[in-house]
2 protein chains.
Amino acid sequence: MSKTKETSTNFENKQLLIQCCSEVYAIEMISGQWILSILYGLVGGKLRYGELRKRIPEITERMLTLQLRKLESNGLVKRTVYAEVPPRVEYELTPSALKLTPILKQLKDWGEQHKEVME
Amino acid sequence: MSKTKETSTNFENKQLLIQCCSEVYAIEMISGQWILSILYGLVGGKLRYGELRKRIPEITERMLTLQLRKLESNGLVKRTVYAEVPPRVEYELTPSALKLTPILKQLKDWGEQHKEVME
DNA sequence: CTCATTACTTACATTTTTGTATGTACCATA
DNA sequence: TATGGTACATACAAAAATGTAAGTAATGAG
């Protein structure tokens, strides 16, 4: 009982943190081993599942699916299923995700500067 | 043997990804449950360990220490130890971390907009 | 000698994330 | 009937992140 309670309290704290603090919220959305690779894969336009997989050779199907679902439920990626056989599913960035890309560019620039400072 | 090799390969892939891709590098630096809370805690100026802890009531000492070490080794926080008893240790943001804060602000703004889009 | 203060460290447990391997549904084609 | 292509799902395992609880070193105050 106390175990369960503590755990749920921790979880609630985390949720609270994510909700109340928009930076945390934003970073939650772009964190995850493969999220950025997928976002960058889709910057050029919509891609099918298999095409995306080819662009990120190291990713496993399981991880690609999981991360795409996360991106979809977070409103960064739109998923379109065509009722065909074999199935065809296309993924594309949402307008909101497109607005995020210049900020990622800045993060990238900062990262490069910071690397030099650090050497 | 094959286990070990695969594991080390995965790790090397991750390291490679972090090294070659500055966005990933940057996001690695700011990801972690408490990293942002700590950065924001220090935006106002240097703080002692105990003061920082008071500003982030939910954090445990272990986590605060771990994350501060990560921030320090990543060059985002400077740690100064005074040879006193009881010990006094002060933490402050590096110039590089200060340059990061406007980008975090943008992430925050994006997060807020995105929340509204999502509701 | 005992206690308080500060900034930790250490051992261990739990939770979350990521990886591996295999299976599935659909139907057209051979 | 068997095979192939596509986009997954599922069970299980390993690794990484986070949490809990307790201990430590140094020394000045009482």
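Proteins get letters first, then strands, A, B, ... in listed order; numbering begins at 1 in each.
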Rounded distance in Å - [atom1] ([X]) to [atom2] ([N]):
X       : N      : atom1 : atom2 : value
B/Met29 : D/dA17 : CE    : P     : 14 Å
B/Arg48 : C/dT5  : CZ    : P     : 13 Å
A/Glu61 : D/dT10 : CD    : P     : 15 Å
A/Ile38 : C/dT18 : CD1   : P     : 11 Å
A/Leu66 : D/dA7  : CG    : P     : 17 Å
B/Ile59 : D/dT20 : CD1   : C1'   : 14 Å
B/Leu64 : D/dT20 : CG    : P     : 15 Å
B/Arg88 : D/dA25 : CZ    : C1'   : 19 Å

Measuring from the side chain of [X] (C-beta onward, heavy atoms only), which nucleotide among [options] has the closest atom?
X       : options                : value
A/Met63 : C/dT18, D/dA26, D/dT18 : C/dT18
B/Arg69 : C/dC8, D/dC8, C/dA7    : C/dC8
B/Val85 : C/dC26, D/dT20, D/dT27 : D/dT27
A/Trp34 : D/dA7, D/dG19, C/dG19  : C/dG19
B/Pro86 : C/dT6, D/dG19, D/dA9   : C/dT6

**Prompt:** Ignoring hydrogens and angles, are the base of D/dT18 and the side chain of B/Arg62 linked by a donor-acceptor pair under 3.5 Å?
**Reply:** yes
Do the side-chain N or O atoms of [X] get closer than 4.0 angstrom to the phosphate oxygens (OP1, OP2) of [N]?
X       : N      : value
B/Tyr91 : C/dC8  : yes
B/Arg79 : C/dC8  : yes
B/Gln67 : D/dT18 : yes

Enclosure of [X] [atom1] (heavy-atom neighbours >12, cutoff 6.0 Å):
X        : atom1 : answer
A/Lys108 : NZ    : no
A/Lys78  : NZ    : no
A/Arg55  : CZ    : no

**Message:** Check whether A/Trp110 reaches the backbone of B/Ser96 with its side chain - one donor and one acceptor, N or O, closer than 3.5 Å.
**Reply:** yes
**Request:** Report yes if some heavy atom in the side chain of B/Leu71 is under 4.5 Å from a heavy atom in the side chain of B/Tyr91; otherwise report no.
**Result:** no
